[in-house]
Structures are given as C-alpha cells and as structure tokens.
Amino acid sequence: MTTTVGVPAGWPAGEEEARAVQDELRARVVVGEVGPEVGVGRVTGVDVAYDDERDVVVAAAVVLDAASLDVVAEATAVGRISFPYVPGLLAFREIPTVLAALDALPGDPGLVVCDGYGLAHPRRFGLASHLGVLTGLPTIGVAKNPFTFTYDEPGEPRGSSSPLLAAGGEEVGRALRTRAGVKPVFVSVGHRVSLERACAHTLALTPRFRLPETTRRADSLCRRALQEATIGQ
DNA sequence: GCGACAG
DNA sequence: ATCTTGTCGC
C-alpha cells in the first residue's frame with residue numbers, strides 16, 4: 001500500500017526552530033525499559049530514498065517476523081521533501097513520510113529499526129529517538145557511519161563491540177561487528193530499548209550481511225518505489 | 001573562523 | 001542520499 005503526504009502543518013522551517021523542537025521532545029524519550037525480547041513478535045525496518053531534483057521522497061516500512069526474518073507486511077509512502085539535509089537534523093527530512101508508511105501498515109510494527117542514530121546525536125535526539133517519541137513504539141538506530149563519534153576497532157569476530165564515544169567520553173552507542181573482519185555498524189538506543197538489547201536485536205537481524213535484514217529490505221523497497229513514483233514525471 | 005558531519 | 005559497469009570472489 002502506498003500513501004501520499006505533504007509537509008505537516010507547523011513543521012519547522014529553519015534550523016534553529018528544528019533544534020528547539022529536539023530540545024523540547026528529548027525529555028519524552030524513555031530509556032528505562034529493556035525492550036522487546038529478541039526473536040519474538042515483529043521487527044520493522046524503515047528507510048527513505050530521495051529525488052531532490054523532483055522534490056520527491058519515498059519511505060518504506062517492512063515488517064519481518066522476528067524469529068524467521070520472513071517479510072510479513074510492507075508499505076510505502078510518497079511525500080515532498082520537508083527539510084534539507086543538515087547533519088543533526090536528519091529526522092526533519094525523513095519523519096513525515098516514514099510516519100505515513102508506518103501508518104499504512106496493517107497491525108503492530110513491533111520494534112522499529114532505523115537507518116541512523118538515536119541517542120548518539122549532538123543533542124542526544126536522533127532520528128530513532130524522534131520516531132520513538134512520536135509513535136510510542138520501541139525504536140533503535142543502526143547506522144553505517146560513526147558520525148562525529150569515536151570508537152576503538154572492535155575485535156574481529158562477529159558480535160565483538162566497543163563503546164561509541166562522544167567528546168568527553170560519554171558512551172552514546174556501540175560499534176558492533178556483525179560480520180567477522182568487516183566494518184562494524186553503529187548501534188544506539190532510540191526509545192524504550194536498552195543499548196544491550198539493541199545490540200542483541202542487531203545481531204539477530206544480521207545472520208548473513210553486515211546490515212540488518214530490516215534495513216536491507218526497507219532500503220530496496222523504497223528505492224524501487226522511488227523509481228516507480230518517478231517514472232514519466 | 002574552518003573543517004567534519006547519520007541519510 | 002546520489003552519480004554509476006563490470007568485476008573479483010565466495
């Protein structure tokens with residue numbers, strides 16, 4: 001199912017306003033819960049693809065059975081680009097369309113896995129935290145790059161990890177090796193999930209590839225949907 | 001002030 | 001993110 005969305009009323013128009021929204025919403029993040037059990041229920045991946053030329057953004061949400069990793073549902077949404085890409089303000093670019101894709105899903109998404117960061121963010125309120133607060137769903141962030149943070153190389157074996165550190169030494173996430181000898185992914189807490197559990201979910205979602213099946217499925221779906229939404233336009 | 005910087 | 005073919009390797 002595909003739905004179409006515009007930019008929400010009252011959406012921040014500038015960077016200062018957007019940062020103020022983050023500072024405001026940050027207080028609503030729940031960090032005290034362990035989170036859903038690994039391998040139980042459903043896990044949903046969300047991702048977004050852009051065509052800046054045509055001002056089009058497509059989001060995909062793909063629901064997997066947490067035990068088998070089989071796809072049990074999927075949805076896409078097409079929207080207008082609601083914000084430029086600014087490091088630290090990614091959520092304002094992706095969230096409206098991602099919310100529409102999640103809304104189009106039948107049933108409960110379960111744990112939501114985001115392509116980006118949660119707590120590991122300049123103001124400790126990245127995409128995964130933001131999406132969690134707006135939906136109430138448990139969320140985690142799994143990013144492909146360390147952003148502005150530092151880390152020591154984890155051990156070679158799959159499952160090895162090392163702290164992802166902010167300037168000042170605060171642990172904001174983990175560099176997690178999901179494939180032996182391959183560049184780690186960067187896991188951080190979004191909403192209602194502990195870092196420990198977030199890493200366990202990430203490992204359960206990477207039986208074969210570096211990136212979680214959730215983000216791989218969502219990535220390919222939103223790219224396909226962008227092509228289709230863009231043909232002839 | 002300059003550079004770096006999730007997607 | 002996106003521009004982009006073949007190619008090396010399991």
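Below, chain A is the first sequence line, B the second, and so on; all start at residue 1.
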Using Watson-Crick pairs (N1 to N3, plus N6-O4 or O6-N4) and G-U wobble pairs, both distances under 3.5 Å, which stems of at least 3 pairs involve DNA chain B?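 Looking at DNA chain B, no stem of three or more consecutive pairs is formed.
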From the options F92(A), Y50(A), W11(A), select the one residue that forms a ring pair (Phe, Tyr, Trp, His ring centres under 6.0 Å) with F83(A).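 It is F92(A), the one option of F92(A), Y50(A), W11(A) that forms the ring pair (Phe, Tyr, Trp, His ring centres under 6.0 Å) with F83(A).
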In dot-bracket, 5' to 3', how would DNA chain C read with Watson-Crick or G-U wobble pairs under 3.5 Å, [ ] for crossing ones and | for pairs to another strand? ..........
Could you list where the contact with chain A starts and ends along DNA chain C, reading 5' to 3', using a 4.0 Å heavy-atom cut-off?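 Nucleotide range with atoms under 4.0 Å of chain A: dA1(C) to dT2(C).
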Candidate list V62(A), L131(A), T215(A), test side-chain contact (heavy atoms from CB on, under 4.5 Å), partner V46(A), passing option: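 Of the listed options, the one satisfying the test is L131(A).
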A quick test of your reading: do over 12 heavy atoms of other residues, nucleotides or ligands sit less than 6.0 Å from CG of D152(A)?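 Atom CG in D152(A) is not crowded, with 12 or fewer foreign heavy atoms closer than 6.0 Å.
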Strictly under 3.5 Å: I want the nitrogen or oxygen pairs between protein and nucleotides 2-6 of chain B, one per line.
from: dA6(B); atom 1: OP2; to: Y85(A); atom 2: OH; distance (Å): 3.2
from: dA6(B); atom 1: N7; to: G88(A); atom 2: N; distance (Å): 3.2
from: dA6(B); atom 1: N6; to: G88(A); atom 2: O; distance (Å): 3.1
from: dA6(B); atom 1: N6; to: L89(A); atom 2: N; distance (Å): 3.4
from: dA6(B); atom 1: N6; to: L90(A); atom 2: N; distance (Å): 3.2
from: dA6(B); atom 1: N6; to: H121(A); atom 2: NE2; distance (Å): 3.4
from: dA6(B); atom 1: N1; to: L127(A); atom 2: N; distance (Å): 3.2
from: dA6(B); atom 1: N3; to: Y117(A); atom 2: N; distance (Å): 3.1

Atom CG of D47(A) to atom C1' of dG7(B): distance rounded to whole Å?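 Between C1' of dG7(B) and CG of D47(A): 8 Å.
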Return the [atom1] to [atom2] distance between [X] and [Y], rounded to the nearest 0.5 Å.
{"X": "D47(A)", "Y": "T76(A)", "atom1": "CG", "atom2": "OG1", "answer": "12.5 Å"}
{"X": "T214(A)", "Y": "R42(A)", "atom1": "OG1", "atom2": "CZ", "answer": "14.0 Å"}
{"X": "L211(A)", "Y": "R179(A)", "atom1": "CG", "atom2": "CZ", "answer": "11.5 Å"}

Sidechain N-carboxylate O distance under 4.0 Å for [X], [Y]:
{"X": "E170(A)", "Y": "R124(A)", "result": "yes"}
{"X": "D23(A)", "Y": "R19(A)", "result": "no"}
{"X": "R177(A)", "Y": "E153(A)", "result": "yes"}

Who are the ring pair (Phe, Tyr, Trp, His ring centres under 6.0 Å) partners of F125(A), not counting sequence neighbours?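 Partners of F125(A) under the ring pair (Phe, Tyr, Trp, His ring centres under 6.0 Å) test: H130(A).
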Please list all pairs passing the side-chain hydrogen bond (donor to acceptor under 3.5 Å, both in side chains) test where one or both residues lie in residues 77-93 of chain A, with sequence neighbours left out.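 Sorted result for residues 77-93 of chain A: D52(A)-R93(A).
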With a 4.5 Å heavy-atom cut-off, do L221(A) and E74(A) have their side chains touching?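 Contact flag for L221(A)/E74(A) side chains = yes.
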